[in-house]
Amino acid sequence: MKKLLWKLLKIIDDNWGYTTPLQERFHIGCKCKISNYKTEHTKFEIGEIVCIIETGRYDYLVQNNDGVKCVVYQFELN
């Protein structure tokens, strides 16, 4: 149900005036892609699929299929 509501919100709200997309919270075990808004210290490529292994207030510890771990900000994930 939450996923449906987020999709509807993304259709209705264009996030005018902000450079990053709407920021929804992710949970441990979620599979996400690295967004176009990644920072230069992020080890992953844009579009790479990562799994969230730890959450923080505004950042996440993620791991890719090769076992590489990195802390990324919330806006760096889709």
Side-chain angles (χ1 to χ4, degrees):
M1 184 68 171
K2 278 186 178 178
K3 290 183 180 184
L4 175 65
L5 291 174
W6 269 106
K7 285 184 182 185
L8 291 174
L9 179 62
K10 289 176 185 178
I11 291 171
I12 294 170
D13 183 11
D14 65 356
N15 210 24
W16 182 83
Y18 296 95
T19 57
T20 59
L22 290 172
Q23 294 183 3
E24 61 183 296
R25 294 297 295 168
F26 301 103
H27 304 286
I28 295 173
C30 285
K31 300 280 185 180
C32 303
K33 287 184 180 179
I34 300 296
S35 74
N36 295 334
Y37 301 104
K38 78 176 200 84
T39 58
E40 68 267 358
H41 64 76
T42 301
K43 300 175 185 177
F44 307 119
E45 297 298 322
I46 295 172
E48 188 171 352
I49 296 176
V50 295
C51 180
I52 296 175
I53 56 176
E54 188 176 306
T55 62
R57 184 175 290 247
Y58 53 85
D59 59 357
Y60 298 90
L61 177 60
V62 297
Q63 179 178 4
N64 69 358
N65 292 336
D66 297 331
V68 178
K69 297 177 183 173
C70 183
V71 175
V72 296
Y73 291 107
Q74 184 174 345
F75 63 84
E76 296 181 85
L77 297 172
N78 279 340

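The figures here come from the full heavy-atom set of this structure, side chains too, leaving out hydrogens, waters and symmetry mates.
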Residues at least two apart in sequence or cross-chain that pass side-chain hydrogen bond (donor to acceptor under 3.5 Å, both in side chains) with Asn64, listed by chain then number, are Glu48
So SG of Cys70 and CG of Asp59: to nearest 0.5 Å the spacing works out to 10.0 Å
side-chain contact (heavy atoms from CB on, under 4.5 Å) filter on Leu61, not counting sequence neighbours, yields Ile53, Glu54, Lys69, Val71
I'd like to know whether Gln63 forms a side chain to side chain contact (heavy atoms under 4.5 Å, CB included) with Val50, so could you lay out the CA-CA distance, the side-chain angles of the two residues, the decisive distance to 0.1 Å, and finally the verdict. CA-CA 5 Å; Gln63 179 178 4; Val50 295; over 6 Å; no
Under a 4.5 Å cut-off applied to non-hydrogen side-chain atoms, are His27 and Ile52 in contact?
no
Output for pair (Asn36 CG, Ile46 CD1), nearest 0.5 Å, gives 5.0 Å
(request) For Phe26, look at atom CZ and say whether over 12 heavy atoms of other residues, nucleotides or ligands are found less than 6.0 Å away. (result) yes
Taken to the nearest 0.5 Å, the spacing of Cys32 SG from Gln74 CD works out to 10.0 Å
With sequence neighbours left out, the residues meeting side-chain hydrogen bond (donor to acceptor under 3.5 Å, both in side chains) with His41 are Thr39
Sorted by chain and residue number, the side-chain contact (heavy atoms from CB on, under 4.5 Å) partners of Lys31 (sequence neighbours excluded) come out as Ile49, Cys51
Flag yes if Ile28 and Val62 sit in one hydrophobic cluster, no otherwise; membership is Ile, Leu, Val, Met, Phe, Trp, Tyr, and two members link when side-chain heavy atoms are under 4.5 Å apart. no
Value for OG (Ser35) from CG (Asn78), rounded to nearest 0.5 Å, stands at 5.0 Å
Sequence neighbours excluded, the answer for ring pair (Phe, Tyr, Trp, His ring centres under 6.0 Å) partners of Phe44 is none
